[in-house]
Amino acid sequence: MVKCRRDGGYVRYASGVRNPGHENNESHPGLPASHHCIHILDWPMSALALLCILLALAAAVLLWLHAVQRRELKDVTQLSQQLQRIAIGGSLAGRVESGTSKPEVSALVTAINHLLTRAAADREGGRVTPKLFAELGERIHEAVLVHREVILYANRQFAALVGADRADLAGRRLGDLVAPEYAEMVHENIHRRLTGEPAAERYEVEVLGREGQVSRLEITSARVDYDGGSALLVTGVEILPTQTVEALRIRSEGDSSAHLLALNSLAEAVIATDEEGHITYLNPAAERLAAIPGTDAIGKPLEEIVGLVDETDRRLLSDPVRQALTSGVPVTLGRRALLISRADASERSIELSATPMRNAAGEQVGAVVLLHDVSEQRGLARQMSYQATHDALTGLVNRREFERRLEEAIESGHRGDGQHVLCYLDLDRFKVVNDTSGHLAGDSMLREVAKLLRDAVRDSDTVGRLGGDEFGMLLTGCPLEKARQIADDVCRSVGDHRFVWRDRIFNIGVSVGLVEISRECGTIDELLVAADSACYVAKKQGSGRVAVYSARDEALARHTGEIQWLQKLQSALKESRFQLYYQSIVPAHGADGGGPAMEVLVRLQDEDGNQVPPAEFVRAAERYRLMGLVDRWVVQTTLAALGRGAIPVPSDRCVAINVSGQTLADSQFLEFVVECLDSTGVAPVQVCFEISETAVVANLEHARRFVGVLHGMGCQFALDDFGSGVGSFSNLKSLPMDYLKIDGSFIRNLARDSVNQAMVAAMIKLARTLNFRVIAEQVEDSAALEAARRMGVDFLQGYAIARPQPLAIAA
């Protein structure tokens, strides 16, 4: 049976089988009558056979056309995939392949491969420079190359050194551009660096230019990923030549040769002379340095356009050009050379090298001078040296530098080379200025006193600031009687001075102690103690007095004054008559993790067993430089007790230990603390060191080292007595502190004093800015306690919390 299709074609059904793609038209009664099936049994059989054959041929043609179309589409798809792989990250040196014989597809494949070949050839020729290297290479002063087997890229600095165009350098090898004796080394080094074998990263070579010039470079290389492959980034820094330059032909001003352009482009000053030492050429940098046009300098000796002196003593230096021409060897001036222009008297610090020039026959034809301006570098070095040796407030030498000069004077005195005198000065009534007008006024007054002291001594003498209001004068080559006269003049000058601060006028004084430096004088510590003792005697006699040290005066002082503490402290240290006390520190707002739980205090028992208040022996211990021994005893005893569990401290809290400024200045104290931590087994987080603000300022470099090392180990630090020297806090903000301890003078009357409240509020705000936690000490009553808590302090300490108690540290 044959069923009629809707498109007019015919489909034969097998018996009982329906066409899967069509429904029987009988199920669609709405179809037109022309679509109903018809019988063709009446047709001749020959026509039916012919029709079947035609249908089969048509189907075969259609299938063949479809297969051809799919094969061509597959070829195009494969071609597209190959191009995508190359575009995304493949090598431009690759090729695309196609197995088709279709002329159109084959022509497309051929065109694509031709384009890839041209692109790869361009890259290998160095004409395509990656943008990053091109931009960076042109902006730096060093010579830069990118090198594989050959040079892929060279910046203009390198091209200028060899006097060639950069395009001509692409494809050449670095080893072909250096002196013959360096060629093999350069080839071998580049090969090893590229293959990852061990090789030097830095070496020196001589690069030859087209005009015969020789440049000595320090070469550094590093492997980089350049344009999809491994390459060497080679940088060269030009070194001031120390060898004879084979040829430097200086031509006329109109000569535009590559070597002259390179010289004119140099930032370094270059001067050339003939065999008589007369200038034949200056590059623009040399004209600027000498402050003279080149036309005015031609034909003159170097010494007529500039003067060369030693910047330390202004001693005239000999002409380096004349020395080089006479000796035939390079001449380099000392590192302290100073160039003075004859034209405008300007001065520049320089480094200078003069080298003889020889022609191809080896004959000396002149000299070339290279001048390097180092004014800025030396200025920075001088500034750093000044800051390290001078007091920032007064401009006088600091204690460290003063003691260094004093040590030199002691050595001179021991050799008998001259008479010197040490003066120790202590201001009178300085505390009145600080207490009534504040620390800004005190700082201003100290600066005025420092100027008075400088004006009173000779240029050869040294004036230094030794402490807060203590000064020293070192009078070199000065007899004792002359020193006494100078000291009297100082006392009179300071006593007559009137310090004015806003609406108030202050008069101050100074007491001076003298000690002679001779063959019989002792160590630096003994001299300082003797001068301080004499100053103490002078102060006891009244303001503005001068006293000369004598053993008799010291013996008298032992019975009448503070100096008796020297013997007491020495015996107390020997007999271990010091005791440890503690005072609790509590969180201001309930339980607060971390922070110090107590502060360790030191007390002294006299020979009769009576307790001596710290105010009576600490000043004497500092005066006679024994505070370091006291602090060592405190640290060692506290850590030993902590190590064996004799001091009950919660696991998240720590113990605060005071360190004096004198101890902080001891360079060995840091090692002592580290050894104590190691030997006792105490965890550094259990220890908090308290350092006063004035102690840190007086010993800033030692403090930075001490705090930096121990803080890095885990120890905590508190800035003690904060507020007693706020004017110098700018020096302390870089220290890694954890706590800020407000000075007790601001806390004692906090609830009733509005000025103290304003000061404390400002300190707390500053502490928050620096991420410090705040401790209020000397909280003596409930009103001060509530005021401090309300203002936002973190910890409280004082009589309102707990009084100091003996620390039971027995084993």
* Going through the checks in order, is the side-chain contact (heavy atoms from CB on, under 4.5 Å) test met by T462 and F402? -> CA-CA 8 Å; T462 298; F402 187 86; 4.0 Å; yes
* **Gap between atom CD1 of I410 and atom CG of L527 - 0.5 Å precision** => 4.5 Å
* Any chance you could lay out the side-chain contact (heavy atoms from CB on, under 4.5 Å) test for L446 and F471, step after step, and finish with the verdict? => CA-CA 10 Å; L446 289 175; F471 297 85; 4.0 Å; yes
* Taking atom CD of Q778 and atom CD1 of I742, what is their separation to the nearest 0.5 Å? -> 12.0 Å
* Structure fact -> Between L642 and V682, the two heavy atoms sitting closest are CB-CG2, 3.8 Å
* Where do E690 and A656 come nearest, in terms of heavy atoms and distance? -> OE2-CB, 3.4 Å
* Rounded distance [0.5 Å steps], CG in L474 versus CG in L422 -> 6.5 Å
* Would you say N771 has more than 12 foreign heavy atoms packed within less than 6.0 Å of its CG? -> no
* Does any non-hydrogen side-chain atom of V397 lie less than 4.5 Å from one of H390? -> yes
* To the nearest 0.5 Å, tell me how far R545 CZ sits from C535 SG. => 13.5 Å
Please report, to 0.1 Å, the donor-acceptor pairs under 3.5 Å made by any side chain of residues 781-793, with sequence neighbours excluded.
residue	atom	partner	partner atom	Å
D781	OD1	A783	N	3.3
D781	OD1	A784	N	2.7
E786	OE2	R789	NH1	3.3
R789	NE	A588	O	2.7

* Can you find a heavy atom in the side chain of L677 that is under 4.5 Å from one in the side chain of C715? -> yes
* To do: Could you pull out the closest heavy-atom pair between L580 and T638, with the gap in Å?
  => CD1-OG1, 3.4 Å
* **R632, CZ atom: more than 12 neighbouring heavy atoms under 6.0 Å** => yes
* Any donor-acceptor pair under 3.5 Å from D461 side chain to T476 backbone -> yes
* **Note, R429 side chain near F506 side chain (heavy atom, < 4.5 Å)** => no
* **Residues R465 and T394: side-chain donor-acceptor under 3.5 angstrom** => no
* Side-chain contact test, heavy atoms from C-beta onward, threshold under 4.5 Å: evaluate it for D428 versus S511 and give yes or no. => yes
* **Nearest heavy-atom neighbours spanning S444 and F499** => OG-CE1, 3.8 Å
* Ring-face cation contact, Y799 with R803, 6.0 Å cut, 45° max -> yes
* To do: For the residue pair S533 and V529, establish whether any side-chain heavy-atom pair is separated by less than 4.5 Å.
  => yes
* Short side-chain donor-acceptor distance under 3.5 Å, S660 and D631 -> yes
* Asked: Can you find a pair of side-chain heavy atoms, one from Y582 and one from V655, that are under 4.5 Å apart?
  -> no
* State whether E407 and R404 are salt-bridged, where the test is any N-O pair (Lys NZ or Arg NE/NH1/NH2 against Asp/Glu carboxylate O) under 4.0 Å. => no
* **N/O donor-acceptor pair under 3.5 Å between E599 side chain and I657 backbone** => no
* When the ring planes of F689 and F706 are compared, do they come out parallel, tilted or perpendicular, using 30° and 60° as the limits? -> perpendicular
* Asked: Which residue pairs pass the side chain to side chain donor-acceptor pair (under 3.5 Å) test with at least one member in residues 493-509, sequence neighbours excluded?
  -> E448-H497
* State, with a plain yes or no, whether a side-chain heavy atom of R773 is found less than 4.5 Å away from one of D738. => no
* To do: Would you please say whether a donor-acceptor pair under 3.5 Å links the side chains of T523 and D525?
  => no
* Asked: What distance separates F669 CZ from C676 SG, expressed to the nearest 0.5 Å?
  -> 8.0 Å
* Which atoms form the tightest heavy-atom contact between C654 and V649, and what is the distance? -> N-CG1, 3.9 Å
* Give a yes or no on whether a salt bridge exists between R768 and D794, defined as a side-chain N under 4.0 angstrom from a carboxylate O. => yes
* Determine, step by step, whether Y424 and L466 satisfy the side-chain contact (heavy atoms from CB on, under 4.5 Å) criterion, reporting the C-alpha distance in whole Å, the side-chain angles of both residues, the deciding distance to 0.1 Å, and the verdict. => CA-CA 9 Å; Y424 199 99; L466 306 184; 3.8 Å; yes
* Test D720 against E777 for side-chain contact (heavy atoms from CB on, under 4.5 Å), laying out the working first. => CA-CA 9 Å; D720 197 10; E777 64 178 350; 3.7 Å; yes
* Run the salt-bridge test on R447 and D443 with the 4.0 Å N-O cut-off and return the result as yes or no. => no
* Structure fact -> Nearest heavy-atom approach of T663 to G628 is OG1-CA, 3.3 Å
* So, do F578 and L604 sit near enough that their side-chain heavy atoms are less than 4.5 Å apart? -> yes
* To do: Look up atom OG1 in T680 and atom CD in Q686, then write down how far apart they are to the nearest 0.5 Å.
  => 9.0 Å
